[in-house]
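What follows is a single structure, written as structure tokens, with notes after it.
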Amino acid sequence: MILRRLYKKWPRLRRWRRRRRDAAVYWLVRLALWVLRLLSLERALRVADRIGDLAFWTLRGPRRLAIAQVGAALGDEAPPAVRSHIVQASFRNLARCFCELAKFETIRPQIDSYVAVEGWQHAEQVMAEGRGGIVITGHIGNWELMAAYCALKGVPVGAIARRMNDPRLNALVVDFRARHGVRTILRESPSASREILKVLNAKGFLALVIDQDTHAPSVSVPFFGRVARTPVAAASLAVRRDLPVLPAFMQRRSTAGHRLTILPPVRPPHSGDRRQDILEMTRAFNRILEDRVRKNPAEWVWWHRRWRRAPIARLDLDHQIHAPAAD
């Protein structure tokens with residue numbers, strides 16, 4: 001208890017601990033990448049399952065938080081005996097996602113058999129309009145593999161993301177995306193607006209993951225029956241530039257590989273009240289995300305504190321949103 005109080009009072013101690021933790025994660029990632037590249041894809045996925053199990057049993061804090069949030073979100077849909085199973089499967093899924101990214105050079109030649117696609121006509125429809133569009137998804141299935149797949153199919157993709165704390169880990173992620181045709185747009189960057197315009201002018205898609213409470217302009221809207229802070233960048237971009245928004249999800253098939261599901265585009269309401277339009281679109285996005293999580297809760301990252309901060313009374317729209325207005 002005394003150590004916890006001291007920890008809360010000393011920001012420098014907290015920063016030091018975060019740096020040590022981030023450095024440890026970086027070197028673990030490097031080691032895992034080296035090991036996985038020595039294995040076949042099938043064996044690597046089996047190893048990933050064991051790593052997921054190990055993480056489930058050793059990371060007590062995230063495990064308890066995840067089980068509690070499954071109970072709060074799904075209630076009677078997930079009785080106590082089922083909640084632990086869902087969370088363990090979620091840890092396995094994340095380990096498998098990492099494995100697939102490490103083995104992407106093996107997956108690439110067989111990408112058409114590894115990924116089945118449903119709703120590609122919606123992406124073609126948006127591309128045919130010639131103004132680009134927005135893709136929203138969540139930490140569901142393998143969202144990084146989805147971006148790489150779309151880029152491989154010739155679609156310009158720009159992923160809007162935050163800069164990771166450890167610059168070396170950030171460089172690993174950005175380099176992976178770049179090697180496979182995905183442009184990373186760091187939302188903290190002063191050039192973010194220019195990068196966004198480059199993607200849209202190329203009739204490409206801006207991809208955003210919007211299912212976490214982050215330090216970004218947000219609005220409080222329902223998610224699993226509880227008000228949750230949700231980033232508004234996707235809705236703000238759509239309303240300001242009159243862009244369609246495609247919800248898309250890369251989720252596992254029961255046999256092997258994934259199914260990429262692209263839903264019909266969500267279009268700005270054009271009510272004349274920009275803030276209300278952004279609010280309504282964000283509310284609609286959360287309903288879509290919730291539906292996907294309910295269909296397969298074992299593929300969502302449950303250990304993020306989704307409802308960690310109190311709701312805000314109004315839209316938090318300010319200069320932090322890099323959303324260039326329509327010409």
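If you read the sequence from its start, that first residue is 1, and numbering goes on from there.
- For the pair Ser189/Glu195, no side-chain contact is recorded, criterion being any heavy-atom separation below 4.5 Å from C-beta on.
- In this structure, CG in Asp242 is found 9.0 Å from CD in Glu129, a value given to the nearest 0.5 Å.
- Closest non-hydrogen pair, Arg252 versus Cys97, comes out as NH2-N, 3.4 Å.
- Here the side chains of Cys150 and Trp120 are in contact, with some heavy-atom distance below 4.5 Å.
- Here the CG atom belonging to Leu289 is positioned 8.5 Å from the OG1 atom belonging to Thr230, to the nearest 0.5 angstrom.
- Put simply, CZ on Arg306 and CD on Gln212 are 8.0 Å apart, with the number rounded to the nearest 0.5 Å.
- Phe205 CZ to Met127 CE: the interatomic distance, rounded to the nearest 0.5 Å, is 5.0 Å.
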Next on the checklist: As a quick check of understanding, evaluate side-chain contact (heavy atoms from CB on, under 4.5 Å) for Arg162 and Glu188, giving each step before the final call.
Outcome noted: CA-CA 7 Å; Arg162 73 171 181 86; Glu188 306 91 347; 3.4 Å; yes

Checklist entry - Given the rule in the side-chain contact (heavy atoms from CB on, under 4.5 Å) test, do Leu169 and Val25 qualify, once you have shown the distances and angles that lead to the verdict? => result CA-CA 8 Å; Leu169 193 57; Val25 170; 3.9 Å; yes

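- The hydrophobic cluster containing Phe176 also contains Met250, counting ILVMFWY residues as joined when their side-chain heavy atoms lie under 4.5 angstrom apart, directly or transitively.
- To the nearest 0.5 Å, atom NZ of residue Lys198 and atom OG of residue Ser193 are 12.0 Å apart.
- Residue pairs meeting the side chain to side chain donor-acceptor pair (under 3.5 Å) criterion with at least one member in residues 28-37, sequence neighbours excluded, are Tyr26-Arg30.
- Once rounded to the nearest 0.5 Å, the distance linking CG of Asn142 with CG of Asn93 reads 7.5 Å.
- For the pair Leu208/Pro231, no side-chain contact is recorded, criterion being any heavy-atom separation below 4.5 Å from C-beta on.
- A donor-acceptor pair is defined here as one N or O able to donate and one able to accept, closer than 3.5 Å; no such pair exists between the side chain of Thr184 and the backbone of Ala159.
- Between the side chain of Ser271 and the main chain of Asp277, no donor-acceptor pair closer than 3.5 Å is present.
- No side-chain heavy atom of His139 sits less than 4.5 Å from a side-chain heavy atom of His304.
- Within a 6.0 Å sphere centred on CZ of Arg43, other residues, nucleotides and ligands contribute 12 heavy atoms or fewer.
- Here the side chain of Asn286 pairs a donor or acceptor atom with the backbone of Pro222 at under 3.5 angstrom.
- Hydrophobic clustering (side-chain heavy atoms under 4.5 Å, transitive across Ile, Leu, Val, Met, Phe, Trp, Tyr) keeps Leu260 apart from Val209.
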Checklist entry - Between Leu246 and Gln125, is a side-chain contact (heavy atoms from CB on, under 4.5 Å) present by the stated rule, with each step listed? => result CA-CA 11 Å; Leu246 288 170; Gln125 173 191 347; over 6 Å; no

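- Side-chain contact between Val199 and Ile185 is present, with heavy atoms from C-beta onward closer than 4.5 Å.
- Although no hydrogens or angles enter the test, the distance criterion places no donor-acceptor pair under 3.5 Å between the side chain of Ser90 and the main chain of Ile86.
- The pair Asp291-Arg287 does not count as a salt bridge, with every side-chain nitrogen at least 4.0 angstrom from each carboxylate oxygen.
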Contacts table for residues 103-115: side-chain donor-acceptor under 3.5 angstrom, sequence neighbours left out:
unit_1: Lys103; atom_1: NZ; unit_2: Leu36; atom_2: O; d: 3.3
unit_1: Lys103; atom_1: NZ; unit_2: Leu39; atom_2: O; d: 2.4
unit_1: Arg108; atom_1: NH2; unit_2: His180; atom_2: ND1; d: 2.9
unit_1: Gln110; atom_1: NE2; unit_2: Thr106; atom_2: O; d: 3.4
unit_1: Asp112; atom_1: OD1; unit_2: Lys153; atom_2: NZ; d: 2.6
unit_1: Ser113; atom_1: OG; unit_2: Gln110; atom_2: O; d: 2.9
unit_1: Tyr114; atom_1: OH; unit_2: Glu100; atom_2: OE2; d: 2.6

Under 3.5 Å, side-chain donor or acceptor atoms of residues 49-59 against the rest of the protein: list the pairs with distances, not counting sequence neighbours.
unit_1: Asp49; atom_1: OD1; unit_2: Arg96; atom_2: NE; d: 2.8
unit_1: Asp49; atom_1: OD2; unit_2: Arg96; atom_2: NH2; d: 3.3
unit_1: Arg50; atom_1: NE; unit_2: Asp53; atom_2: OD2; d: 3.4
unit_1: Arg50; atom_1: NH2; unit_2: Asp53; atom_2: OD2; d: 3.1
unit_1: Asp53; atom_1: OD1; unit_2: Gln88; atom_2: NE2; d: 2.9
unit_1: Asp53; atom_1: OD1; unit_2: Arg92; atom_2: NE; d: 2.8
unit_1: Asp53; atom_1: OD2; unit_2: Arg92; atom_2: NH2; d: 3.0
unit_1: Thr58; atom_1: OG1; unit_2: Leu54; atom_2: O; d: 2.7

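- Ile136 and Tyr149 fall into different hydrophobic clusters, where Ile, Leu, Val, Met, Phe, Trp and Tyr residues are linked whenever their side-chain heavy atoms come under 4.5 Å apart, directly or through other members.
- The minimum heavy-atom distance linking Ala248 with Ile262 is given by the pair CB-CG1, 4.2 Å.
- A salt bridge between Glu299 and Arg259 is absent, with no side-chain N of the basic residue lying under 4.0 Å from a carboxylate O of the acidic one.
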Next on the checklist: Evaluate Thr214 against Arg187 for side-chain contact (heavy atoms from CB on, under 4.5 Å), listing each step before the verdict.
Outcome noted: CA-CA 12 Å; Thr214 62; Arg187 67 183 188 218; 3.8 Å; yes

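- Not one N or O on the side chain of Arg229 forms a donor-acceptor pair closer than 3.5 Å with the backbone of Val219.
- Side-chain contact between Met281 and Pro268 is present, with heavy atoms from C-beta onward closer than 4.5 Å.
- At a threshold of 4.5 Å between non-hydrogen side-chain atoms, the residues Val293 and Trp302 count as touching.
- When the side chains of ILVMFWY residues are joined at heavy-atom separations under 4.5 Å, either directly or via intervening members, Ile140 and Phe98 end up in two distinct hydrophobic clusters.
- Side-chain contact check for Ser220 and Arg226: no donor-acceptor pair (N or O, by modelled atom type) lies under 3.5 Å.
- Relative orientation of the Trp307 and Phe224 rings is perpendicular, given thresholds of 30° and 60° on the angle between their planes.
- Applying the salt bridge (Lys or Arg N to Asp or Glu O under 4.0 Å) rule to pairs touching residues 207-219 yields Asp213-Arg308, Asp213-Arg309, sequence neighbours excluded.
- Sorted by first then second residue, the side chain to side chain donor-acceptor pair (under 3.5 Å) pairs that include residues 71-84, not counting sequence neighbours, are Glu77-Arg294.
- Contact between Phe91 and Pro62 at its shortest, heavy atoms only, is CZ-CB, 4.2 Å.
- The backbone N or O of Pro269 sits nowhere less than 3.5 Å from a side-chain atom of Glu280 that would complete a donor-acceptor pair.
- Smallest separation of non-hydrogen atoms from Ser236 and Ile278: CA-CD1, 3.8 Å.
- In the hydrophobic clustering of ILVMFWY residues, with side-chain heavy atoms under 4.5 Å counting as a link, Trp143 and Leu45 come out apart.
- Thr137 places no side-chain N or O within 3.5 Å of a backbone atom of Val135 that could act as its donor or acceptor partner.
- Within the 4.5 Å cutoff, side-chain heavy atoms of Arg168 are placed close to those of Trp27.
- Identified under the salt bridge (Lys or Arg N to Asp or Glu O under 4.0 Å) test for residues 54-71, with sequence neighbours left out: none.
- Of all heavy-atom pairs spanning Pro244 and Pro265, the tightest one is CB-CB, 4.0 Å.
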